[in-house]
Number of protein chains: 2
Amino acid sequence: MITIIAKGIVKEENIAKFKEYAQTLIEETKKEEGCISYKLYEDINNPKIITFVEEWKNQDAIDKHVNASHFVEIVPKLRDLQESETEVNLYKLV
Amino acid sequence: MITIIAKGIVKEENIAKFKEYAQTLIEETKKEEGCISYKLYEDINNPKIITFVEEWKNQDAIDKHVNASHFVEIVPKLRDLQESETEVNLYKLV
């Protein structure tokens, strides 16, 4: 299993739009065969910090995900709503 | 529920020691009443990046945790093994 944590800082005026796009991405992604979980979190002290925490069966599932039409279409839109690049880490359990 | 993501960058020579201390912290923390989950992850591309992902029932459980003897004793030791401050975010599900 690979866990991905993708942390973004969203421009204040774009938070609602970001969540709207993210919702569609979540719904489509959860249908993907190798997706174990795919959740979106908001920092309780700073609503601009919005982070995906994802669990994938393996790297192959991730490779399919990043080439899926919903990913290719929505993720660039999410990026445009952010202040900075997404901080992405791929993890394994210790 | 509150999810905490605590991301640390550990000095290369301290990774094994960090994991050893963390293991004790994990074992003790999992016994705490309000702890839903408490996991440690290592970045698959950079073993110096080690991150706790924690799920807590509520803020009260977190307050108890940060005052627990195992936290007070071990977390400063972990911090001494790191290159920089831990990046800590408290999250709620969107």
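Chain letters run A, B, ... following the sequence lines, proteins first, then strands; residues in each count from 1.
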Margin query: What's the separation between atom OG1 in A/Thr51 and atom CG in B/Asn89, rounded to the nearest 0.5 Å?
Written below: 6.0 Å

Item checked: Verify same cluster id: B/Ile4, A/Val53 (apolar side-chain graph, 4.5 Å) -> no

Next item on the list: Verify the cluster assignment for A/Val88 and B/Phe52: are they in a single hydrophobic cluster under the rule of side-chain heavy atoms below 4.5 Å apart?
Entry: no

Item checked: Distance (rounded to the nearest 0.5 Å) between A/Lys7 NZ and B/Lys7 NZ -> 7.0 Å

Notebook entry, point to check: If you count heavy-atom pairs under 4.5 Å between each of A/Ile44, A/Ile26, A/Thr3 and chain B, which one has the most?
Noted result: A/Ile44

Check: CG/B/Leu40 to CG/A/Leu93 distance, rounded to the nearest 0.5 angstrom?
Finding: 8.5 Å

Item checked: Straight-line distance of B/Lys92 NZ to A/Tyr41 OH, nearest 0.5 Å -> 13.5 Å

Checklist line | ILVMFWY cluster, A/Val75 and A/Ile50 together (side-chain gap under 4.5 Å) | finding: yes

Checklist line | Winner by heavy-atom pair count (cut-off under 4.5 Å) against chain A, out of B/Lys19, B/Gln23, B/Glu87 | finding: B/Glu87

Item checked: Shared hydrophobic cluster, A/Leu25 / A/Val72 (ILVMFWY, side-chain heavy atoms < 4.5 Å) -> no

Check: Is it the case that one hydrophobic cluster holds both B/Ile5 and B/Val94, taking links as side-chain heavy atoms less than 4.5 Å apart, direct or via other members?
Finding: no

